[in-house]
Each structure stands twice: as C-alpha cells, then as structure tokens.
Amino acid sequence: MSEQPAEKPTSYAANLEAARREKLRKIEEMGFDPWGQRFDDHQPIGEIRNRENEIVVEPAGECEIGKPPQQHGPKVRAAGRIILRRPSGKVHWLQIHDGSGTVQVMIGKNQVGEKNWELAQCFDLGDIIGVDGEFHRTMKGELTIFAEDLHFLCKSLEPPPEKWAGLNDPDLRQRMRYVDLIHTGGVLERFLRRTKIVQSIRNTLNGRRFVEVEGPTLHAIAGGAAAKPFTTHHNALDIDLYLRIALELHLKRLLVGGIERVYELGRVYRNEGISPRHNPEFTMLEVYQAYGNYETMMELTEALIVEAIRASGQDLKLPWGDGQIDFTPPFVRKTYDELFAEHAGVPPQDTAAVKTLAEKIGFDTKGKHADVVKSEVFEEKVEPALRGPIFVTDYPASVCPLTKRKKSDPQVAERFELFIQGMEVANAYTELNDPDLQEELFTKQLDGLPEEESMARMDRDFIRALRHGMPPAGGLGIGIDRLVMLLTNTQTIREVILFPLLRPEA
RNA sequence: GAGGUUGUAGCUCAGUCGGUAGAGCAACGGACUUUUAAUCCGUAGGUCUCGGGUUCGAGUCCCGACAACCUCACCA
C-alpha cells in the first residue's frame, strides 16, 4: 500500500505553525506540559468578575505621592484561552476568555518570577492557560487578574482569525464553528440561549406530567408528514430503511399503549432543499395529550413559548430585525377561511373564483382537488402576510389526513398552525382516532398528488394500533429551530444550528 | 433543481483601461512595567479557488468545474 505523500502546506502557513511548534518545544524544555493536566478549583471568569465588590482601595492618605492608590482584591484562579495579547516591555497584558466571560490578566516580570516570565514569552494567541493572582482594577479602571503564578494548559497550533474583524466568511464560520464560538461576538450566547429554551420546554412539559420518550429514528415506512425521506440500509436484515421525517405515528402508538401525556424532542430528517429556513436535519417537538383536543394544544403552545422566553431571560416583546414581535398571550386566533377572504380577496367557498385566482398566479390546477388549489393560494397569498403570532384554525379536511373532522362540519378539520413572521412554527390537530376512516384516508391518495408528496402513506401496524383504541387526543408539533430563530432575533436557521449541513471540503 | 453575487497572504479586505501582487491584523527581530484593536522601528510571507481559452502579455476578458451566500422551487 503506497502512502500518498503528505500535502505540503503553503510555506507561509508552515512558518506560522513552525513558530508555534518552536514555542511548544521551549515550553516542554522548561518542564511544562504543553497539553496540560488536570486543573482544579478555578472559577468561571464571569463569577470572578462578579467579585468586584470585594475590592478595597487604601485610604488616599496612605498613598505615596505620585503613585496610584493601593488596591487589594480576592485571590482568584482562572483558566481560559488567550484571545488578545499586549506585550509592553517587562509587563504583558492578556485577555483570557472562557465560556462565561473575558478578563484581563497582567503578567509583570518582577511579579511572577523568572520561570513564569520565560513561560509567558512562549504564549501565543489561542493558547489556554491557568492564572493564580489577585483580582482588582488597574489604574485605568480595568478589572484585572494580577498574575502571581502561571500554568500552561494547552498549546494552539493554528493562528486565530483577525482580532477585530474575526471570521466573516459564513462558510468558514459554519465549518469551523469552534473558531466561530470563540471569536464571533454573540454566537456562544445564542447557542447557550438555545439550550435554555429547550430546557424550558422540557420543564414546562414535565411540570404538566408529560412523559418524554425516544422513538425510533430508523423507519420502515416514513410516515407522519409530507416529505421526502433519506434512505439507508441495514446489512444484517438486508432491508432498506428511512430516516424518520416525523415523530407522530410512534407517539400515537404510545397513546394507545396508555402513556396518556407523551412527547419527544428530537431530530428528524427530510431530504429536501436547503434555505435560510430549512436544514436537512432539524429538531422537532411533538406532544400528545389524551382527552385533549386542538384547543388544549393552543393553550399549551402559548405556555411553552411564553415560558421559554422568560427562561431565556427576555421580555415578551422581542426584537426582530428592525421591528419586534409581541408574544403577550393570548395570541390572535383566526380561521383559515377568514384569513383567506381577508388576504386573497376571494370568497373561500367560491371554488371557481379560487381556481381562477390560482391560475392568474400561475399555478397548474389541472386534476387537483379544489382544496389543494385553495391551499396553494393560501400559502402564496396568506401565509407570507401573517406577522403573528397568530393561530390559523379550521383547515379544509381534505388536506389533513391525520386530523379529526369538526362534528358540526365534516369538511373542516380541527387543526391549527401557528404563524410568526410568515413562518410556520407550530402545527396541531385534534387527532383522528377512527381506524376505519384513517385506513380510508391512507388508501385514498389526495387528488393530484404523487405519493411522496402525500402524508397518506399506508402504515398497517399504525392502523392496527388505532383498532385497539386510541383515546381522543390533541397533538402538537413545534419546529424548535425556527422557534429559536424567533426568540434569538436570528434570520437564518444556520445560525441556530451548531453544525448545519455543508458540502465536504474539497 | 433555476437565476444572481462572490472566491486575492493564516484572517479581514484593496487591486483603475489587460502591462512586475497591495494594506491592516496575525507572525518573526528590536524598544517599552498600567496597556485597552497598545504604540514605535525593522523583516519575512502569494499555485490571485481549480482547469481550459483569447492575447506579445490575464488577478483583471471568455468558457467550464468546484464552493459559499442571496432569491426562487420543494418543504417545516
């Protein structure tokens, strides 16, 4: 087997690395471990900064003339990455950074001793160090750890991005998210806020006695949504499988099985386009509540969102681009037909007029069910106009094969979607639990839709489950990534997903 | 999948009409014990994304490929 010769890096990049490797060698020579060891009892930098009130300034009378007033502060120990260096003769100023914040460190030759001073000569931007010292302000008022002892925790062999502009190329930022998190302002904070939102959602549900479960992600039948699945293969069983496109059908099986309040918060995969609002894998919450209906789910949706906003430390009026979104409950509720009349300018019951409008927009209406045509016009004319938050209720039954019909009008499904800034954020039903009707809807394809675009994919085991009796229930799905976008004022889904899908590097 | 924009040093960016490749930061050497994107002096660093073509001559013009971003389509 012939090894390919290692690709020679450009000579300049090699020089940058060689300089760092030379310092690494010196660090080792001095007896320090360039890759560090266990380092106990350090405090998060954010907490250290909060100890500012422990700083005492000597009374002015005791000051020597021409010298700044003496300060004393707590002894602290910090660990962090060097993100800025200002060497100035026999004193070096550093900014070190950890997940909780940034603090200045002063290293004075006479204060840290000869060996530490030699070590400090080997620091590069990006290295991780430990510092013991006293925490107080400089003459100019900057909160600073005045180093008394230094520890080397990790060498960095790669140069960091430009210190002021940082990483700007969105490709590099997503590919090297680790660099982005360190050097791009607000990125780490946004992802930590995402975590708080997700935690809050779990807390809200757990507090209402919902049970979290983990369904299968490999499905023999990719059901529960209208989407193109990823396919994969299991070798030992020699069967093709799909990555799940929804959580729905297995969670409903658990309703049959007696888990009366159940949810899953997990990843689903859809083999479709990529856009500022779409990533091939995304995080979905689905919740099912026995003996509830879609109105129960509306109240729950409001609670989940309002609690998440509070938990992430924000006001119910959130900034969004140049404007803001007001999440004060209750959210506006309007029916599909009301909104259709309002924004499409055509009576929703007038099938012929809706068809004419659809053709005027440029849609092909041939052989399509009237409700499908209406739904296309709705998506074109109404959805983009919905600033929200607004619950759109009572959809045409024929486009909702998993939803229970209204008792008073079987043409209307008990369903709502929550729209915010033109984005569909949540989707909920009163769940259909009539096995015969469900089987009929699975069998009868929606008029004019190819199978892969239809939700009506036959799942015999699911029908069998329904035949055992599923309690009447409300069900809810929330696109977590989109919700996080809205709650963090982020206009692209790629900035709320740590590692969005990218083409592999050449 | 279609259209548009972009691709130059490790990073952020200039580069005029086609005529020897530029800056800042980072790096390296030197000065500096209160700096704040430290400052000052000096040095080094380039397969101009890749492959063709036109031309005496291409970072620049043309064709193709690759990648990112934006818009649209599919979709949540």
Side-chain angles (χ1 to χ4, degrees), chain A residues 8-20 22-23 67-68 71 83-95 102-112 117 124-126 136-144 146 156-176 179 183-184 225-228 245-246 268-286 362 379-380 383 417-420 422-427 450 452-453 477-483 485 491-494 500 502-506:
Chain A
K8 258 210 164 142
T10 66
S11 64
Y12 191 62
N15 284 347
L16 290 177
E17 184 179 331
R20 285 168 177 260
E22 173 61 17
K23 290 177 189 165
K67 286 220 170 169
Q71 293 191 32
I83 55 169
L84 231 45
R85 276 173 79 223
R86 290 184 290 275
S88 171
K90 295 185 179 60
V91 64
H92 285 195
W93 302 94
L94 310 180
Q95 298 279 342
T102 301
V103 71
Q104 178 167 267
V105 174
M106 194 213 76
I107 303 171
K109 188 177 181 185
N110 296 337
Q111 285 77 28
V112 295
W117 183 249
D124 280 310
L125 291 177
H136 57 81
R137 290 184 182 278
T138 61
M139 272 169 56
K140 301 263 172 76
E142 182 77 21
L143 288 170
T144 301
F146 290 80
S156 167
L157 296 175
E158 293 279 345
E162 207 273 337
K163 67 183 173 189
W164 191 243
L167 272 192
N168 235 15
D169 182 342
D171 184 29
L172 287 180
R173 288 189 45 222
Q174 290 160 21
R175 231 175 259 288
M176 301 200 286
V179 178
H183 291 103
T184 310
K228 299 180 191 84
I245 58 173
V268 298
Y269 306 85
R270 299 189 180 177
N271 204 341
E272 284 160 357
I274 295 175
S275 87
R277 272 161 282 286
H278 300 84
N279 193 59
E281 55 177 316
F282 62 102
T283 302
M284 180 104 118
L285 168 72
E286 288 197 27
E379 282 168 26
E380 173 76 16
E383 289 185 6
E417 291 194 7
L418 174 64
F419 281 90
I420 305 172
M423 268 197 294
E424 184 191 332
V425 174
N427 185 10
E452 66 176 6
E453 287 176 24
I478 294 182
I480 296 298
D481 311 272
R482 288 184 174 180
L483 181 63
M485 286 171 66
Q491 323 294 316
T492 159
I493 201 167
R494 305 168 78 73
L502 292 169
R503 281 195 163 81
E505 269 175 284

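Below, chain A is the first sequence line, B the second, and so on; all start at residue 1.
Contact between the side-chain N/O atoms of A:Lys23 and the OP1/OP2 oxygens of B:rC28 is found at a separation under 4.0 Å.
Distances were taken from every side-chain heavy atom of A:Gln111 (C-beta onward) to each of B:rA68, B:rU34, B:rU33; the shortest belongs to B:rU33. Checked against B:rU36, B:rC28, B:rG10, the side chain of A:Pro159 finds its nearest nucleotide in B:rG10. Side-chain proximity of A:Ser88 to B:rA37, B:rA38, B:rU36: nearest is B:rA38. In this structure, the nucleotide among B:rC28, B:rU36, B:rA76 sitting nearest to the side chain of A:Ile493 is B:rA76. The side chain of A:Pro276 sits closest to B:rU71 out of B:rC69, B:rU71, B:rU33. Candidate nucleotides B:rU33, B:rC11, B:rA68 were compared by shortest atom distance to the side chain of A:Pro170, and B:rA68 ranks first.
Per the geometry, CD belonging to A:Glu22 stands 14 Å off C1' belonging to B:rG29, to the nearest Å. At whole-Å resolution of the value, CG in A:Leu84 and C1' in B:rA27 are 16 Å apart. When rounded to the nearest whole Å, the span between CD of A:Gln174 and C1' of B:rA67 equals 13 Å. In this structure, CG of A:Leu125 is placed 15 Å from C1' of B:rU12, rounded to the nearest angstrom. Between A:Glu272 atom CD and B:rC72 atom P the separation is 17 Å, expressed in whole Å. Remark: P of B:rU71 and CD of A:Gln491 are 11 Å apart, rounded to the nearest angstrom. Atoms CZ (A:Arg277) and C1' (B:rU71) sit 11 Å apart, rounded to a whole Å. Atom CG in A:Asn168 sits roughly 13 Å away from atom C1' in B:rA68 (whole-Å rounding).
Under the side-chain contact (heavy atoms from CB on, under 4.5 Å) rule, A:Ile478 has a single partner from A:Thr283, A:Leu418, A:Leu285, A:Asn427, which is A:Leu285.
Residue A:Lys23 comes nearest to A:Asp124 through the heavy atom pair NZ-OD1, 2.6 Å, listed as atom of the first residue, atom of the second, then distance. Heavy-atom minimum distance, A:Thr138 versus A:Thr144: CG2-OG1, 3.2 Å.
For the P atoms, the distance linking B:rC70 with B:rC62 amounts to 26 Å, nearest Å. For the C1' atoms, the distance linking B:rA21 with B:rG29 amounts to 25 Å, nearest Å. Here the separation of B:rC61 from B:rC28, taken at their P atoms, is 38 Å to the nearest Å. Remark: the separation of the C1' atoms in B:rG59 and B:rC48 is 5 Å, to the nearest Å. Distance noted for atom C1' between B:rC50 and B:rA58: 16 Å (whole Å). The separation of B:rG30 from B:rA65, taken at their C1' atoms, amounts to 49 Å, rounded to a whole angstrom. Annotation: B:rU39 and B:rC32 have their C1' atoms spaced 9 Å apart (nearest Å). Rounded to whole Å, the P atom of B:rU43 lies 28 Å from the corresponding atom of B:rU34.
B:rC17 is unpaired under the criterion used here, namely a Watson-Crick or G-U wobble arrangement in which both key atom distances are under 3.5 Å. Using the Watson-Crick or G-U wobble rule with both distances under 3.5 Å, B:rG57 pairs with nothing in any strand shown. Under the Watson-Crick or G-U wobble criterion, with both distances below 3.5 Å, B:rC48 has no partner in any strand shown. With a cut-off of 3.5 Å on both pairing distances, the Watson-Crick or G-U wobble partner of B:rU12 is B:rA23. Base pairing analysis places B:rC66 opposite B:rG7; the two distances defining the Watson-Crick or G-U wobble pair are each below 3.5 Å. Across all strands shown, B:rG42 forms a Watson-Crick or G-U wobble pair, both distances under 3.5 Å, with B:rC28.
Within 4.0 Å (heavy atoms only), A:Arg173 reaches no atom of the nucleic acid at all. Contacts of A:Gly477 with the nucleic acid, taken as non-hydrogen atoms under 4.0 Å apart, are absent. Using a 4.0 Å heavy-atom cutoff across all strands shown, A:Asp169 reaches sugar-phosphate atoms only and no base atom. Nucleic acid contact class of A:Glu424 (heavy atoms, under 4.0 Å, all strands): sugar-phosphate only. The residue A:Pro87 sits close to a base: some heavy atom pair falls under 4.0 Å. Contact annotation for A:Lys163: backbone-only contact, meaning every heavy-atom pair under 4.0 Å involves sugar-phosphate atoms and none involves a base. Within the nucleic acid shown, A:Arg137 has no heavy atom closer than 4.0 Å to any nucleic acid atom. Base engagement by A:Gly273 is indicated by at least one non-hydrogen atom pair under 4.0 Å involving a base atom.
When each of A:Arg503 and A:Asn279 is assigned the nucleotide of RNA chain B with its nearest heavy atom, A:Arg503 is the one assigned upstream, toward the 5' end. Taking the nucleotide of RNA chain B with the nearest heavy atom to each of A:Ser275 and A:Lys109, the more 5' of the two is matched to A:Lys109.
The local environment of CD in A:Gln111 is crowded, with over 12 non-hydrogen atoms from other residues, nucleotides or ligands closer than 6.0 Å.
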Given A:Ile83 and A:Thr102, is the side-chain contact (heavy atoms from CB on, under 4.5 Å) satisfied, shown in steps? CA-CA 9 Å; A:Ile83 55 169; A:Thr102 301; 3.9 Å; yes
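The aromatic rings of A:Phe146 and A:Trp93 sit perpendicular, their planes meeting at an angle over 60°, well past the 30° parallel limit.
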